[in-house]
Amino acid sequence: LPIYAGEAQRYADEINTKLAALNAPPPTPVAAVKPEVPSGTADHDAVLALIKRYSQAFEQRNPDALRQIWPNMGKRYAGLKNSFESAASIKMQVQTESVSIAADGNTATVTAQVAQEFTPQGKKPQNIKFRAVFQFAKSNGSWSILDVQ
């Protein structure tokens with residue numbers, strides 16, 4: 001049963017992302033509305049939702065939640081799992097600077113400022129600030145993180 005929990009969570013997240021896109025306020029009327037604007041907005045929102053899930057996974061110290069949205073993280077999983085286990089708490093804020101969806105709608109890049117407060121168990125908090133570039137890809141209508149630099 002736990003094997004399916006991650007898959008069920010992914011489907012629930014996809015549904016919530018789609019519902020959020022459907023419930024978003026309508027765009028301001030413009031003289032010539034292009035048909036690709038709604039899908040671009042949905043993609044934009046979906047990518048930003050992944051950024052939020054990324055920071056939540058850090059704050060929850062949950063490497064498996066991170067791997068759900070970043071399936072090809074590879075060797076980083078073990079390192080992050082160790083970091084999460086050694087932390088008493090992690091707080092993360094991600095301030096998005098830019099979102100760029102490729103013309104084909106299958107890849108995206110987000111540039112952001114990340115502020116993280118990492119508190120090792122039994123020690124004082126360490127504040128880290130850095131600029132991150134997130135790479136995303138869409139497959140079968142679902143976005144995932146390809147890389148974070």
Side-chain angles (χ1 to χ4, degrees), residues 1-25 27 36-149:
L1 193 62
I3 295 170
Y4 299 110
E7 189 173 346
Q9 182 63 48
R10 190 182 76 220
Y11 289 128
D13 290 337
E14 286 177 26
I15 290 168
N16 288 335
T17 299
K18 290 176 182 176
L19 284 173
L22 289 173
N23 292 326
E36 65 269 16
V37 170
S39 68
T41 301
D43 287 335
H44 182 273
D45 292 346
V47 167
L48 291 180
L50 277 183
I51 298 267
K52 184 174 182 177
R53 287 179 60 196
Y54 174 87
S55 65
Q56 288 172 337
F58 270 83
E59 290 188 343
Q60 295 166 358
R61 302 185 314 272
N62 186 341
D64 295 321
L66 195 56
R67 189 163 48 185
Q68 286 178 1
I69 60 171
W70 188 3
N72 66 341
M73 66 191 307
K75 294 179 182 177
R76 292 186 187 187
Y77 176 83
L80 287 168
K81 184 176 181 185
N82 288 337
S83 291
F84 290 169
E85 289 171 354
S86 71
S89 72
I90 300 173
K91 294 179 184 171
M92 180 180 277
Q93 290 184 327
V94 180
Q95 179 89 29
T96 303
E97 291 179 345
S98 68
V99 177
S100 175
I101 309 288
D104 67 3
N106 290 321
T107 60
T109 302
V110 173
T111 304
Q113 291 293 329
V114 178
Q116 186 182 81
E117 183 182 280
F118 181 90
T119 306
Q121 293 182 9
K123 297 185 180 177
K124 293 183 178 181
Q126 302 168 0
N127 292 307
I128 307 161
K129 291 184 180 184
F130 58 95
R131 187 170 189 251
V133 178
F134 295 82
Q135 299 291 331
F136 298 89
K138 188 184 345 180
S139 177
N140 298 322
S142 257
W143 286 97
S144 64
I145 297 173
L146 282 181
D147 196 19
V148 181
Q149 300 172 342

- Rounded to the nearest 0.5 Å, what separation is found between the CD atom of Gln149 and the OG1 atom of Thr111? 10.5 Å
- Task: First locate atom OG1 of Thr119, then atom CD of Gln126, and finally report the distance between them rounded to the nearest 0.5 Å.
- Result: 8.0 Å
- Item | Check: Glu59 side chain, Met92 main-chain N or O, donor-acceptor pair, under 3.5 Å | yes
- Calculate, to the nearest 0.5 Å, the distance between atoms CD and CD belonging to Glu97 and Gln113 respectively. 4.5 Å
- For side-chain contact (heavy atoms from CB on, under 4.5 Å), just list the numbers for Trp70 and Asp147, CA-CA rounded to whole Å, side-chain angles, deciding distance to a tenth of an Å, and then say yes or no. CA-CA 8 Å; Trp70 188 3; Asp147 196 19; 4.2 Å; yes
- Message: Just verifying a value: how many Å separate Gln116 CD and Ser55 OG, rounded to the nearest 0.5 Å?
- Response: 10.5 Å
- What are the two closest non-hydrogen atoms of Ser86 and Phe118, and how far apart are they? OG-CZ, 3.8 Å
- Within 6.0 angstrom of Gln93 CD, more than 12 heavy atoms from elsewhere: no
- Message: Could you report the tightest heavy-atom contact between Ala57 and Leu66, atom names first, then the distance?
- Response: CB-N, 3.8 Å
- Between Trp143 and Ala46, the two heavy atoms sitting closest are CD1-CB, 3.6 Å
- Item | Test side-chain contact (heavy atoms from CB on, under 4.5 Å) applied to Ser83 and Phe58, step by step | CA-CA 10 Å; Ser83 291; Phe58 270 83; over 6 Å; no
- Please name the pair of heavy atoms, one in Arg61 and one in Ala88, separated by the smallest distance, quoted to 0.1 Å. NH1-O, 3.1 Å
- Got a second to check how far Asn62's CG is from Leu80's CG, nearest 0.5 Å? 11.5 Å
- Query: Quick one: does Thr107's side chain get under 4.5 Å of Phe136's, heavy atoms only?
  - Reply: no
- Item | Gln121 side chain to Glu85 backbone, donor-acceptor under 3.5 Å | yes
- Message: Using the rule given for side-chain contact (heavy atoms from CB on, under 4.5 Å), can you reason through Val148 versus Arg76, listing the C-alpha separation, both sets of side-chain angles and the distance that settles it, and then say yes or no?
- Response: CA-CA 11 Å; Val148 181; Arg76 292 186 187 187; 4.2 Å; yes
- Message: To the closest 0.5 Å, what do you measure between CD1 (Ile69) and OH (Tyr54)?
- Response: 8.5 Å
- Give the minimum heavy-atom separation between Phe134 and Ala112, together with the two atoms involved. CE1-CB, 4.2 Å
- What heavy-atom pair brings Leu50 and Ile145 nearest, and what distance separates the two atoms? CD1-N, 4.3 Å
